[in-house]
Asker: 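I am attaching a structure below and will ask some questions about it afterwards.
Order of the sequence lines fixes the chain letters, A, B, ..., with proteins taken first and strands second; residue numbering starts at 1 for each chain.
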2 protein chains.
Amino acid sequence: MVTTAKPASAAASITNVAALANVSTATVSRVLSGKRTKDDDIARRVRAAAEELNYSVNYAASALRSDVTNTIGLLIPSATDPLSAQLLDELEPMIDVDAQQLLLGIGATRELQAERLESLTARNVDGLIVIPAPGTDPTDTLERFARHTPIVQVGGRQSSFRTSMVSIDENAAMEASVRHLAESGARSVAYLAGKDVSFESAELFAMFHTQVRSRTLFTRNEWSQFGERTVQRGFHCAMRLFGDALDRSGRDDLYRLRPEALICCDDAVAFGAMIALDALDLRVPQDVRIVGYGDSPLAMTTMPQLTSLRPPVQQIVAEALRLIAAGPATPAHIMLPPQLIIRGSSRAA
Amino acid sequence: MVTTAKPASAAASITNVAALANVSTATVSRVLSGKRTKDDDIARRVRAAAEELNYSVNYAASALRSDVTNTIGLLIPSATDPLSAQLLDELEPMIDVDAQQLLLGIGATRELQAERLESLTARNVDGLIVIPAPGTDPTDTLERFARHTPIVQVGGRQSSFRTSMVSIDENAAMEASVRHLAESGARSVAYLAGKDVSFESAELFAMFHTQVRSRTLFTRNEWSQFGERTVQRGFHCAMRLFGDALDRSGRDDLYRLRPEALICCDDAVAFGAMIALDALDLRVPQDVRIVGYGDSPLAMTTMPQLTSLRPPVQQIVAEALRLIAAGPATPAHIMLPPQLIIRGSSRAA
DNA sequence: TTGTAGGCGTTATCAT
DNA sequence: ATGATAACGCCTACAA
């Protein structure tokens, strides 16, 4: 047997380990990659040698030979997008336990995303998770790569069954919100909807009305509007809805003149509404119950704390990784409902 | 010359390109990697062949042979940390122009960061940018890897000159804030400071007093306190400072009884203060000028819009990449001042 | 079960 | 400047 000396400066290779453990490189490879299950003396010798030499695999060599890079690609529109950030925080530790690594691409437009998709697949990632740029249907771009790499789209719209998708069940969220508000004693409700490029907003708006009717709650068309997802917008909407509150107090059909509950498309809108209500001396939740969306960290810092819908990020990640592991052959579409986190802003009186 | 046919299914390799262009693989490699500057017929033939075969390098093979992975590692405490998110958004496009890719690690604690650092360096990243976990000095961990990989620490404390660091010049930020408030007509000022584990907070607090004195502004020790970086904290502090405002109105030494300006350690604190001032019927900026920190997206949605300090993220990224390119041999420490974005909350009356 | 040996695609070395 | 060839470290088909 030829003993291969290891220069002190360079990183140890499988050959050095083999020499030290007195076995062949093939055996070292098999032991360390878990293809050899027995835990006998040989296995222990190999592991001890690897430990002593501070050996770690050369992923480049491994990938070159086996076409597996132990790398997951993630493409997001922006790290400052809350859903993307939450997904990142959830995803990174989950893939690390498989000794995989996260290759990140950021693209805020359809075109940039297509570019990044090209770069990521050129790196031979083992799987790809994509959050589409806002208002974008990435289907045809994704399909170009789906043949070679398992791709999972998270959220957004999609017009094909060639690639997998995991998305948030917004209709279920609306159902949960309305039901909760009805049970908390609200008799009327308004919906400060989000303004999206897609049809989704309109669909959700219809869902709101369906749910309100089925709970025999009261609402007025002019109460609910589409708009920006900003604090300012929430403030203005609430001012419009409740601004002349004093003139009306005491009337026993008050709940028909102004809503007793607000469903907001975003926590920021809810914050703005709460500021306005505070300025108007209306109490939350006694006079007006509020439900936000997104469960942003700030939701716990308002007074009272904001009831909000938390995106099912953990399940999304778990499902996405499961679909990637299943390979590109078996695309599936999965919808997961957000969780309603009930806090002070919507509790029953 | 032996012509190597390319199976339609597999990806094209350098060999296929060489065959099609009627040159050797060595020449193809040289042309495509830019080691051959001349743009003669050969170069054009090679590029045309690569284009036609839709060739793209196999990074694994390239890395195996040359020890360059075209990969930058980034280690952050959390994607929901604003600075980390902004850095991500800024960094990703800048390294993409070098055809590099971003390998992301997330670790919220010292221990997790050490683990991720291990994983990232095991991937042979060409360089590493690290934002330390809050209140953590990563120096000794970083030094273990700095010998082999250029590492740049962003922000935080550091006790060594073995690794490079780029950080935000908080003292310059404080100087700019106080100067601006003095010039906007404020006669007194309070500082709602952040509560950190490190000494930094105390140092910055001292800097506040130094600057206030040199501008001959008025302040009281009990006005300024350390605390959380939350909306709630800002609300409470403002209520404490301005709560009995009505009793005092009209006094001509009013500016000595309550501050005419607030410097907040975080935009969230400023938001809370603005809510409180609104509730107390005090006007921003006429009665109280406010400066936040972080220039969060919400800063543009308040009324009036919030003056805030924007972290110099773009310069940070540029400097970090420059230091990485310079290699591990030349560590440097660089401080960059934030930019004061002046908006309505602090404009002169 | 273990060892031998060939090859993955690229780049560096060396000779031309 | 170009081409032939070896080598990077690992995995795996095949032989023992």
Asker: Which ones in residues 117-128 of chain A lie close to DNA chain D, meaning a heavy atom under 4.0 Å from one of its atoms?
Answerer: none
Asker: Please output the side-chain donor-acceptor pairs of residues 313-320 of chain B that fall under 3.5 Å, not counting sequence neighbours, one pair per line with the distance.
Answerer:
unit_1 : atom_1 : unit_2 : atom_2 : d
B/E319 : OE1    : B/R322 : NE     : 3.3
B/E319 : OE1    : B/R322 : NH2    : 2.7

Asker: Can you tell me if B/S29 uses its side chain to pair, donor with acceptor, with the backbone of B/T25 under 3.5 Å?
Answerer: no
Asker: How would you list, by chain and number, every residue that makes a side chain to side chain contact (heavy atoms under 4.5 Å, CB included) with B/L112, sequence neighbours excluded?
Answerer: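 So B/L112 forms a side chain to side chain contact (heavy atoms under 4.5 Å, CB included) with B/T109, B/E115, B/R116.
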Asker: For the helix from C/dT1-D/dA16 to C/dT16-D/dA1, figure out the bend between the end axes, five pairs an end, and round to 10 degrees.
Answerer: 30°
Asker: Can you tell me if A/T136 uses its side chain to pair, donor with acceptor, with the backbone of A/P132 under 3.5 Å?
Answerer: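 The answer is no, because no donor-acceptor pair under 3.5 Å joins these two groups.
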Asker: Within this structure, what is the CZ-to-C1' distance between B/R36 and C/dA12, rounded to whole angstrom?
Answerer: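 Rounded to the whole Å, the gap is 17 Å.
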Asker: If we ignore angles and hydrogens, is there a donor and acceptor under 3.5 Å between the side chains of A/S13 and A/N58?
Answerer: no
Asker: Closer than 4.0 angstrom, basic N to acidic O: yes or no for A/D140 and A/R162?
Answerer: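 Salt bridge flag = no for A/R162 with A/D140.
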Asker: Closer than 4.0 angstrom, basic N to acidic O: yes or no for A/R144 and A/E118?
Answerer: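 Salt bridge present between A/R144 and A/E118.
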Asker: Looking only at side chains, do B/D126 and B/T69 share a donor and an acceptor under 3.5 Å apart?
Answerer: yes
Asker: Roughly, in whole Å, what's the span from CG in A/L64 to P in D/dA7?
Answerer: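 Rounding to the nearest Å, CG of A/L64 and P of D/dA7 are 17 Å apart.
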Asker: Any donor and acceptor pair, going by atom type alone, linking the side chain of B/D89 with main-chain N or O of A/S78 inside 3.5 Å?
Answerer: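 No.
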Asker: Mark up nucleotides 11-16 of chain D, 5' to 3', with B wherever a protein heavy atom is under 4.0 angstrom from a base atom, S wherever such an atom reaches only the sugar-phosphate, and - elsewhere.
Answerer: BBB---
Asker: At less than 4.0 Å, is any side-chain N or O atom of B/S24 found next to OP1 or OP2 of D/dG3? Yes or no.
Answerer: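 It does, given that an N or O in the side chain of B/S24 lies less than 4.0 Å from OP1 or OP2 of D/dG3.
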Asker: Rounded to the nearest Å, what distance is computed from the CD1 atom of residue A/I42 to the P atom of nucleotide C/dT1?
Answerer: 10 Å
Asker: Would you give me the side-chain donor-acceptor pairs under 3.5 Å for residues 327-334 of chain A, sequence neighbours excluded?
Answerer:
unit_1 : atom_1 : unit_2 : atom_2 : d
A/H333 : NE2    : A/Q158 : OE1    : 2.6
A/H333 : NE2    : A/S160 : O      : 3.3
A/H333 : NE2    : A/T163 : O      : 3.3

Asker: Using a strict 4.0 Å threshold on nitrogen-to-oxygen distance, state whether A/R45 and A/D40 make a salt bridge.
Answerer: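 Here A/R45 does not pair with A/D40 in a salt bridge, since their nearest N and O are not under 4.0 Å apart.
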Asker: Output the rounded distance in Å from CG (A/N58) to P (D/dA7).
Answerer: 18 Å
Asker: Provide, to the nearest angstrom, the distance between the CG atom belonging to B/D67 and the C1' atom belonging to D/dA7.
Answerer: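 Taking atom C1' of D/dA7 as the reference, CG of B/D67 is at 12 Å.
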